Amino acid sequence: MPTTILSPAKRVFGTRAELRFACQNVLEKNSKETFTIPCEGLYPFQWLWDSAFIAVGWAHIDHNRARAEFQSLFDAQWSNGFMAHIIYHDDDRGKSYFPGSAFQGAARNPYSPTHVVTSGITQPPNLGAMLEILFDKELSEQVKLSPLNTPSVPDPHFYKKAIRHIFRFHEYLYRDRDPHNEGLTYIRHNWEAGTDNCTQFDAIWNTFDPINYDVQRRDTQHVNPKQRPTKKDYNYYLTLIEISRSVDFDEREMYEILPFLVQDPLFNSLLVASGESLARMARHFGMNVIAEQSEKWAMKTRNAMNEKLLDPLTGVYGYFDLRNNRLVGGMSSSNMTPLFAGIPSQKSAERLRETLESLHFAGRNNEYWLCATNAVTDPQFDRTRYWRGPVWININWLIWKGCLRYGFDDLARRIKRDTINLVLRYGVYEYFDPLKSAADNPEAHGFGGNNFSWTAALILDMLAENQ
Ligand code: GLC
């Protein structure tokens with residue numbers, strides 16, 4: 001298999017030890033005591049799924065700090081269980097961020113908290129799965145420390161409360177986001193996907209006309225506009241917020257009127273993984289009602305994903321557009337994340353593995369780093385633009401773990417190697433050019449924000465693991 005030889009001179013970090021040190025520094029610099037911002041300037045508040053990934057990084061540095069990261073998310077939970085994608089701590093910073101809390105307008109919803117302002121949309125439910133990583137780490141370290149080697153429990157007070165918070169979030173999702181009671185929850189905004197402008201959403205944008213906004217975007221002042229969603233894309237995103245705001249983010253009314261209602265494979269995969277993690281932790285503390293319900297939900301979602309979202313033609317999981325009653329297929333790295341939750345059968349998983357190793361992701365001569373966010377063979381593939389081509393570290397981390405789960409050790413090693421190489425070479429960026437030869441250009445750099453927190457956190461985790 002042809003491989004590309006990389007010249008060490010082009011690396012930002014000479015060694016893995018240097019990289020580890022830099023990643024710790026990124027987390028420490030982005031830390032605001034109880035929460036961590038994703039990136040200075042570009043993302044100045046707390047983001048939901050970012051914080052859960054970031055806590056995995058803190059778990060390698062300071063367990064208390066990792067717990068605080070979760071706690072600050074729980075403190076902003078709505079009274080109906082909903083958890084928001086942005087918590088606008090210190091809202092004055094909102095002046096330099098768009099859309100700020102005023103545009104979101106979620107504070108008018110009667111369930112929203114009064115002590116802090118949040119958005120009215122959520123993000124992929126990775127909390128349970130990430131919390132279990134911290135829990136397992138605390139457990140194994142306490143076992144090592146215990147002189148009699150009797151297993152002791154990590155702080156039950158914190159964990160029991162955390163389990164209840166996450167359970168209430170899942171309860172909200174199954175109650176308010178699963179209208180047909182099929183076990184598949186929908187997202188009602190593309191920002192809820194976490195993969196904001198992925199190519200599959202183009203099919204939805206073609207179904208309605210957005211308002212034409214003349215607003216001052218801030219993201220494109222921090223990052224080259226070629227790496228961010230277009231103005232037209234933003235018109236769609238803001239239109240969805242405006243429709244939601246017009247009904248004060250009332251779930252039932254939004255369900256009636258929003259043109260974007262999508263059963264997303266990444267979102268539902270993380271819900272399955274988190275549900276199973278929650279069940280295991282709840283059993284540990286004798287919280288059997290929560291454990292049983294979480295197991296039931298996870299199994300239902302797993303089955304529904306295999307029945308409804310798995311596209312038999314391509315062998316990858318698709319997005320179900322509930323508004324127009326159709327499966328939107330296509331190949332992107334987020335379609336591979338069901339591996340993380342152990343959703344595909346071994347046979348279906350083999351097909352996903354083959355796809356990742358094929359010309360669609362690796363290229364004809366392995367000229368691409370794994371895993372581009374969109375198949376490199378897709379005419380819509382765009383090397384530089386956000387979720388339409390570049391490699392993202394959180395998705396790679398999920399697929400890496402998924403490959404280990406299915407025994408795809410060679411592919412797991414390769415994904416880990418590519419991921420670490422990208423960050424060694426370019427720095428702790430938000431996303432990366434998947435084309436290997438691009439790295440030979442002395443002008444080449446990482447994409448999006450620099451000193452990006454989840455990149456730092458998940459690289460720390462990869463560096464700490466032997467596999
Ligand atoms: C971007 C990403 C989203 C992330 C946010 C903060 O909007 O698409 O997934 O949560 O940045 O890092």
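Just so it is clear, the structure is predicted and the values come from calculations on it, not from any experiment.
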Classify the ring geometry of [X] against [Y]: parallel below 30°, tilted from 30° to 60°, perpendicular beyond 60°.
| X | Y | value |
| --- | --- | --- |
| Y426 | F432 | tilted |
| W392 | F452 | perpendicular |
| F285 | Y159 | parallel |

Practice item. Test ring-ring contact (aromatic ring centres under 6.0 Å, His included) on W47 and Y97 and set out the steps. Key: CA-CA 13 Å; W47 264 256; Y97 184 78; 5.5 Å; yes
Review point. Do K308's NZ or CZ and the ring of F320 fall within the cation-pi criteria of under 6.0 Å and 45°?
Key: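 Cation-pi check for K308 and F320: passes.
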Practice item. Would you kindly check if the NZ (Lys) or CZ (Arg) of R245 is within the cone defined by 45 degrees around the ring axis of F103 and under 6.0 Å from the six-membered ring centre? Key: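 Verdict for F103: a cation-pi partner in R245.
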Any heavy-atom pair between the side chains of [Y] and [X] that's under 4.5 Å?
| X | Y | answer |
| --- | --- | --- |
| R280 | F135 | no |
| D248 | E253 | no |
| C39 | N451 | no |
| V272 | E276 | yes |

Can the ring centroids of [X] and [Y] be said to lie less than 6.0 angstrom from one another?
| X | Y | answer |
| --- | --- | --- |
| Y368 | F361 | no |
| F21 | F13 | no |
| Y237 | W205 | yes |

Review point. Is a side-chain donor-acceptor pair under 3.5 Å present for S119 with Q104?
Key: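 Their side chains do not contain a donor-acceptor pair, so the 3.5 Å distance test is not met.
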Review point. Quick one: do the W397 and D461 side chains pair a donor with an acceptor below 3.5 Å?
Key: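 Yes.
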